[in-house]
Each structure stands twice: as C-alpha cells, then as structure tokens.
Amino acid sequence: MSPMLQIAAEEMENPLVPPIPELVIGLIAFVIVFGFLAWKLLPNINKVLEERREAIEGGIEKAEAAQTEAQSVLEQYKAQLAEARHEAARLRQEAQEQGATLIAEMRAEGQRQREEIIAAGHAQIQADRKAAASALRQDVGKLATELAGKLVGESLEDHARQSRVIDRFLDELDDKATKAEAAR
C-alpha cells in the first residue's frame, strides 16, 4: 500500500481522535494559557470579587443601620407628637378652667356692683324721702299754722308754738300711716 493510502486510511479510521503531535502541542498551549490566567488574572478577579462582596455587605449593614436609625427617629417623632398632643390638651383644659374662673369672678364683681348700686339707690331714696319729709313738714306746718290762725282768728306766728303744733300734727299722720301699712 502506498504511503498516501496508508495516511488516508489512518485518517479515516477515527475522525474524533486528533493526531498525537497536535494533541501534545494543544495540551502544552492549554497548560501555558491556564497557568498564565491562574497566575495573573485569578488573583485580580478574586480581589475584585472580594471588594464587591465587602461593598455589598457594607451596604447591607449601612442600610440596616440606617433603617434602625430611621425607626428610632420615627419612634421619637411619635413620642414627641403624643407629648405635644398631651400638652395641647392640658393647655386647652387650663384655658377652659381659667375662662370659667374669670367668668365666675366677673359675675361676682357684677353682683357686688349691682348690690352697691342698689344700696346706693336705697340710701339715695332714703335721703330723698327724709329731705322730702322735712320739706313737707315745713310746708305742711306753714300751711297748718296759717289755716289754724285763720280758724282761731289769732296769729300763730310764735315759732316754738308753731313747731309743737306741726310736730304733733305730723306725728298723728305718721301713726295713722303706720297703722294703715300694718293693717295690710
């Protein structure tokens, strides 16, 4: 058989199995490339992956810390809000109590002033009544003495006598008025 036919026959035997020299060269090239990648690239890749893992874990920790802080701030805000509401209710209650006290004081002051006005009015009426009674006594006395003088026919101009007659007449009138009021 000719050498070509023999090579062609070997090549035809198994197309999946490469020739040995190619297999050795390919294996050596693979080991060189794999060794270079493992020696140069793998540490850099691991370093980058480790940095990313740390950044992610740090970010998660920061997010958890921020969430915890936000939760505590929210609780403080709620507590302050509840305290402010309580304080507002207390101030409103105090204002209502002060208003009620002020109204009561104003009513008492108004009542006191009313009583003073009524007492002053009664005193003024009493004074006016006494002044009117005094003026009336004088006028009635004068009229009575003139009338008595005309009836008797003599002058009753004596002042002492005139006063006694007037007083007696008015006392009789007062007695009759008192008895009339008591009868009612």
Side-chain angles (χ1 to χ4, degrees), residues 1-135 178 181-184:
M1 264 197 167
S2 77
M4 283 241 219
L5 281 175
Q6 194 178 25
I7 292 176
E10 285 179 15
E11 283 182 18
M12 294 208 119
E13 285 180 18
N14 192 356
L16 295 177
V17 178
I20 299 276
E22 286 180 16
L23 190 61
V24 170
I25 291 174
L27 188 58
I28 291 172
F30 178 73
V31 169
I32 289 173
V33 170
F34 185 74
F36 177 75
L37 289 177
W39 176 58
K40 269 301 204 196
L41 257 40
L42 195 59
N44 288 337
I45 291 172
N46 284 338
K47 180 180 171 187
V48 169
L49 289 175
E50 184 65 26
E51 287 175 358
R52 289 184 83 194
R53 185 184 63 74
E54 289 175 3
I56 290 171
E57 287 177 359
I60 290 172
E61 290 173 1
K62 286 179 185 177
E64 288 174 354
Q67 186 175 5
T68 304
E69 184 178 345
Q71 186 67 27
S72 67
V73 168
L74 178 63
E75 289 173 5
Q76 288 175 352
Y77 169 74
K78 286 181 180 179
Q80 288 175 349
L81 184 61
E83 184 177 326
R85 285 182 180 157
H86 178 70
E87 182 68 17
R90 185 185 63 78
L91 290 174
R92 189 172 33 252
Q93 181 66 26
E94 284 180 6
Q96 287 175 347
E97 290 172 0
Q98 288 175 353
T101 302
L102 186 60
I103 288 171
E105 289 174 358
M106 293 298 231
R107 282 184 181 157
E109 179 65 20
Q111 185 70 19
R112 185 190 61 78
Q113 288 178 354
R114 190 186 105 208
E115 296 296 326
E116 286 178 1
I117 291 170
I118 290 172
H122 285 301
Q124 183 64 36
I125 290 171
Q126 199 67 7
D128 289 346
R129 182 182 285 162
K130 285 181 182 179
S134 173
T178 308
E181 283 182 18
R184 284 188 208 180

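The local environment of CG in Leu41 is crowded, with over 12 non-hydrogen atoms from other residues, nucleotides or ligands closer than 6.0 Å. Glu97 CD: more than 12 foreign heavy atoms inside a 6.0 Å radius. Under a cut-off of 6.0 angstrom, the local environment of CD in Gln93 is crowded, with over 12 non-hydrogen atoms contributed by other residues, nucleotides or ligands.
When only modelled atom types and interatomic distance are considered, Gln76 and Gln80 share no side-chain donor-acceptor pair under 3.5 Å. With no hydrogens or angles considered, a side-chain donor-acceptor pair links Gln111 and Arg114 at under 3.5 Å.
With respect to the salt-bridge test (charged N to carboxylate O, under 4.0 angstrom), the residues Glu87 and Arg90 qualify. Ion pairing between Lys78 and Glu75 fails under the 4.0 Å rule for side-chain N and carboxylate O.
For Pro43 against Ala38, the heavy-atom pair with the smallest separation is CD-O, 3.4 Å.
Leu91 is listed as a side-chain neighbour of Glu94, based on a closest heavy-atom distance under 4.5 Å.
Rounding to the nearest 0.5 Å gives a distance of 9.5 Å between CE of Met106 and CD of Gln113. One finds the CG atom of Leu81 at 10.5 Å from the CG atom of Leu74 (value rounded to the nearest 0.5 Å). The CZ atom of Arg85 sits 11.0 Å away from atom CZ of Arg92, with the distance rounded to the nearest 0.5 Å. Once rounded to the nearest 0.5 Å, the distance linking NZ of Lys47 with CD1 of Ile45 reads 13.0 Å. Here Ile56 contributes atom CD1 and Leu49 contributes atom CG; the two are 9.5 Å apart, rounded to the nearest 0.5 Å. The CZ atom of Arg129 sits 10.5 Å away from atom NE2 of His122, with the distance rounded to the nearest 0.5 Å.
By the salt bridge (charged side-chain N to carboxylate O under 4.0 Å, His left out) test, Glu50 is found to be paired with Arg53, residues two or more places apart in sequence or in another chain being considered.
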Derivation and outcome, side-chain hydrogen bond (donor to acceptor under 3.5 Å, both in side chains), residues Gln67 and Gln71: CA-CA 6 Å; Gln67 186 175 5; Gln71 186 67 27; over 6 Å; no

